[in-house]
Structures are given as structure tokens and as C-alpha cells.
There are 2 protein chains.
Amino acid sequence: MESTADSRVPVLNGRRARNKHDKHQRIFEAASALFTGQGYSSVTTQMVAERADVGTGTLFRYASSKAELLLMVMNEQMRLTTRLGVAESTDAASPNDAIMALLQPQIHLSLAFPENTAVYQREILFGTEQGRYRTEALARISELEDAVGNILARFAQTHRIRKDIDLNGAARTVFSTLHMELIRVSLGRQDPQTLTATLASHIDVLLLGILDPE
Amino acid sequence: MESTADSRVPVLNGRRARNKHDKHQRIFEAASALFTGQGYSSVTTQMVAERADVGTGTLFRYASSKAELLLMVMNEQMRLTTRLGVAESTDAASPNDAIMALLQPQIHLSLAFPENTAVYQREILFGTEQGRYRTEALARISELEDAVGNILARFAQTHRIRKDIDLNGAARTVFSTLHMELIRVSLGRQDPQTLTATLASHIDVLLLGILDPE
DNA sequence: GCTCATTTAGGAGCGTACTCCGTATGCTAG
DNA sequence: CTAGCATACGGAGTACGCTCCTAAATGAGC
């Protein structure tokens with residue numbers, strides 16, 4: 001028994017691993033094409049399964065729900081925008097600029113795919129299942145929140161700040177506004193033009209509001 | 001022809017109107033009892049129909065979806081809390097107190113029914129159907145937002161305020177935070193205790209942030 | 001190569017929100 | 001009271017996300 005335990009080390013080069021990888025790839029491509037082509041709601045899991053040439057049962061072995069399929073696709077896009085945002089925020093003059101530079105790529109992506117963004121936001125906020133892709137999405141957002149928190153912390157080192165202020169809490173309010181504005185815009189309830197201005201204004205007020213009024 | 005047009009005035013005393021009213025009442029009570037008794041997700045529309053003693057087809061003539069059924073129930077509760085909040089906010093000393101007094105009853109209600117609140121928030125934010133009860137819910141929230149806007153406007157009259165500040169936009173950020181915190185708490189991701197403090201702090205920062213720093 | 005154990009595949013089947021349309025009920029005119 | 005019309009009712013049927021269980025594929029030991 002113990003001798004076979006050694007073979008538990010995952011071998012990635014077997015037929016099995018390759019098949020799995022292939023199927024995952026096909027499913028990813030099918031979901032990606034369908035979701036970005038026609039919106040989330042008009043795509044059925046049957047369609048994805050057929051296009052990926054797998055059974056429906058198989059599909060749900062690779063993503064535990066239809067929503068997870070979307071997260072799988074969106075995460076990949078978010079991976080790029082996050083990296084981009086972090087990079088661009090480093091050489092910003094003011095904290096306002098830094099935060100806006102950080103978030104700009106996410107906003108841009110969101111505006112490009114409104115319906116998928118709405119579902120993405122919905123699943124982030126209201127999803128209960130602890131699937132692989134949802135976990136990844138949450139991690140990515142936490143990253144961004146921490147980045148904003150760090151920018152605020154740096155600001156706090158060069159300015160007199162009110163004592164009882166929780167900087168992480170402050171960072172969260174920025175994201176509350178971001179989430180809500182993204183939802184509004186992605187569902188067509190608000191002009192995309194206003195989003196950036198609203199967010200910038202919130203940050204502006206926030207920075208002034210946390211200063212110690214001597 | 002024109003003479004019959006007079007009869008278009010809705011007569012509320014016919015058998016028909018009474019039947020309709022009765023059914024509506026039964027459906028309301030059934031939905032109310034089931035949703036508050038066990039959570040939203042474990043209630044099926046069949047159950048509601050049976051308990052109300054109507055067919056499923058009939059049920060969907062009175063509420064266009066399961067979510068609308070919940071909104072129907074929650075709206076009624078919100079009607080009371082809104083009135084209460086508005087009343088209590090009038091004799092508050094500071095704008096902070098006024099806003100918090102305004103929102104306290106809503107928060108209290110939300111904490112009492114976490115699961116239903118989560119669904120309520122989800123439908124408010126992401127619902128697309130233009131059902132009767134959703135419209136009503138949105139109107140109720142607009143009311144509250146306007147009330148916050150008014151409190152800020154009064155504050156602006158007795159203090160020097162930065163020029164380029166949009167008070168309604170500022171009011172919206174308060175609600176962004178409120179929505180997000182309610183979601184977090186109602187899904188059990190955050191301690192209910194912190195909600196009020198977080199919100200109060202946001203308002204605090206906001207009020208300082210919109211002041212003109214001479 | 002052969003056998004056995006374990007992992008993976010997939011499609012028939014299920015639960016549930018919602019619809020469709022034939023039937024019943026109430027209203028109005030004559 | 002009756003006929004004709006409009007409205008309301010309700011349950012069989014549908015769509016779709018997801019599960020369950022049998023069968024197939026793979027790899028290990030000999």
C-alpha cells in the first residue's frame with residue numbers, strides 16, 4: 001500500500017493529462033467564443049458542450065456551473081488588465097492618478113463587454129458556490145483592493161491623517177463605488193462617459209476627507 | 001361607442017375585482033409566510049401556488065417571476081422602514097446623525113432577513129425585467145437617495161463647500177457603500193456589527209472631504 | 001500481453017421556473 | 001333570462017441548468 005503511495009505524485013505527461021488539457025482547452029475556446037459572440041444569457045450549456053465536442057456531463061466536470069464558465073473566460077482577460085494596471089500605477093504623480101491608472105484597464109475591459117461584465121459582477125458579489133474560477137476572480141479583486149490600500153498608505157506617510165481612519169476600509173469604499181458604477185453602466189442605466197469622472201471625484205473627496213484638519 | 005367608454009372607469013365592486021383582490025391577498029400571504037419561514041431558495045413557486053390555492057399559471061399573472069414575488073413581500077416591509085427612517089432623521093443634530101437615522105431602520109430590517117435581503121439586493125441591482133414590484137422597489141430606494149441628497153444640500157447651505165462637488169453623486173457613493181456592505185453582511189461574509197461603523201465612517205469622511213479647505 | 005483499480009466521459013433523467021392555450025367565469029346588451 | 005364578449009384561470013407542457021450512474025479509457029503490477 002505504502003509503496004503505491006509514491007505514484008500519487010501527479011504525472012503530467014500521460015495520455016490522461018493530455019486529454020484533460022485538450023478538453024479544457026476546447027471548452028475554454030467554445031465558452032469564450034460563444035459568450036463574447038452572443039451574450040451570456042442566450043448561450044446554453046448545451047451549445048458550449050456541442051461546440052467543445054464533449055458531453056454535458058463532461059462540461060460540468062471542468063466548470064461547476066454555467067457562471068463558472070464565464071468566470072473562467074473573464075479571469076483570463078482580467079489577468080492581463082490587472083498586470084497592466086499595476087504597472088501603470090507605479091509612475092503616477094498623485095494618489096488620485098495612481099488609483100485611476102490602476103483601475104483604468106479594468107474599466108476599459110468592462111465597457112467592452114457590458115453583458116458579460118454584469119454577470120461577472122453578479123457572480124462576484126452574490127455567488128455562493130466555492131468554485132475554482134470564482135475563487136480566482138475574488139483573489140484578483142483582493143489584489144487590486146490591496147493595491148489601492150497601499151497607495152493610500154503611502155499617501156498617509158507624507159500627509160497628516162486623521163487618527164481613527166481605517167485605510168483598508170477607505171479602499172473598500174472606492175471599490176464599492178467602482179462595483180456599483182460598473183453595474184449601472186454595464187446594464188445600460190448610465191452613460192459610460194460619467195464613470196471615470198464619478199470615480200475620480202469619489203477618490204478626490206476621500207483623500208481630502210481623511211486629512212487631519214489640523 | 002362613446003357611451004360605453006364611461007364604463008371604462010374601473011369598478012372595484014364587481015365579483016371580478018373582488019376575486020382578483022382575494023387571490024392577490026392569498027398569494028401575498030403565502031409568499032410572505034414561505035419566504036420568511038424558510039429562505040427564498042428553498043421555496044418553490046409550486047409551494048406558493050398550492051398554499052395560495054391557485055394554479056401556477058395564475059401565480060405568474062400576479063407576479064411575473066419568483067423574484068417579483070419576493071419584491072412584493074419586501075416592498076411592504078420597506079414601506080414601513082422608509083417612513084420610520086424619514087421621520088427619525090428630521091430631528092437629528094448633525095448630518096451624520098440624520099443620514100444614519102434615516103438608514104437605520106432599513107439596516108435593521110436587512111439584518112433580520114439576511115437571505116431575502118441578499119436576493120432583494122441582487123434583484124434591485126441586476127434585475128432586467130420591468131415588473132411592477134421591481135419598479136416600486138427602485139422608486140423606494142430613489143426616495144431614500146433623494147433624502148440623503150437633501151440632507152447634504154442643507155449641510156452645504158451652512159458650510160463652505162468646494163465648488164465642483166456634485167451632491168447627488170456624493171449621496172450615491174453613500175448608497176454604493178450601503179449596498180455593498182448589506183450584501184457582504186447578508187451573505188455572512190462580514191460581521192453585522194461592523195456595518196454601521198463602516199457606513200458612519202464613510203459619511204464622516206465624505207462630509208469632511210466636500211468642505212472647502214479655505 | 002492480461003487483470004485489476006482508478007479516474008474520466010457522457011447522455012438519459014430530474015427539478016424547477018415559466019408559458020401556452022383551451023376552459024371557465026363574470027359582465028353587458030337586448 | 002339568454003347570448004355574446006372579454007377577461008381570468010390553471011395545469012400540461014417546455015426549456016434549461018445540472019446530476020447520476022453506467023461505461024469506457026488509462027495506468028500499474030505481474
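Residue numbers start from 1 in every chain, and the chains themselves are labelled A, B, ... in the order their sequence lines are given, proteins ahead of strands.
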Q. 5'-most contact on DNA chain D: B:Tyr62 or A:Val43, nearest heavy atom basis?
A. B:Tyr62
Q. When only distance counts, do a donor and an acceptor, one from the side chain of A:Arg15 and one from the base of D:dA25, lie under 3.5 Å apart?
A. no
(Q) Among D:dC9, C:dA9, D:dT7, which nucleotide has an atom closest to any side-chain atom of B:Lys23? (A) D:dC9
Q | First of B:Thr56 and A:Lys20 reached from the 5' end of DNA chain C, by closest nucleotide | A | A:Lys20
Q.
By nearest heavy atom, map B:Asn19 and B:Glu129 onto DNA chain C; which one lands nearer the 5' end?
A. B:Glu129
Q. Is the base of C:dT8 touched by the side chain of A:Arg61 through a donor-acceptor pair closer than 3.5 angstrom?
A. no
Q.
In whole Å, I'd like the distance from the CG atom of A:Leu69 to the C1' atom of D:dG17.
A. 11 Å
Q. Between C:dG11, C:dC18, D:dG27, which nucleotide has the shortest distance from any of its atoms to the side chain of A:Arg16?
A. D:dG27
Q. Do B:Lys23 and B:Phe28 meet the cation-pi criteria used here (NZ or CZ under 6.0 Å from the six-membered ring centre, within 45° of the axis)?
A. no
Q: Using a 4.0 Å heavy-atom cut-off across all strands, classify A:Val48 as base, sugar-phosphate, or nothing.
A: nothing
Q.
Out of the candidates A:Arg132, A:Arg140, A:Arg134, only one should pair with A:Glu136 under the salt bridge (charged side-chain N to carboxylate O under 4.0 Å, His left out) rule; please name it.
A. A:Arg140
Q: Would you indicate which nucleotide in C:dC18, C:dT8, D:dA8 comes nearest to any side-chain atom of B:Phe60?
A: C:dC18
Q: Hey, can you tell me if A:His179 and A:Phe175 have their rings parallel, tilted or perpendicular (30° and 60° cut-offs)?
A: tilted
Q. Where the side chain of B:Ser65 is defined as all heavy atoms beyond and including C-beta, which of C:dT25, C:dT8, C:dC18 is the nearest nucleotide?
A. C:dC18
**Q.** Closest nucleotide among D:dG10, C:dA17, D:dC18 to the B:Thr44 side chain
**A.** C:dA17
**Q.** A:Glu129 side chain to A:Ser65 side chain, donor-acceptor N/O pair below 3.5 angstrom
**A.** yes
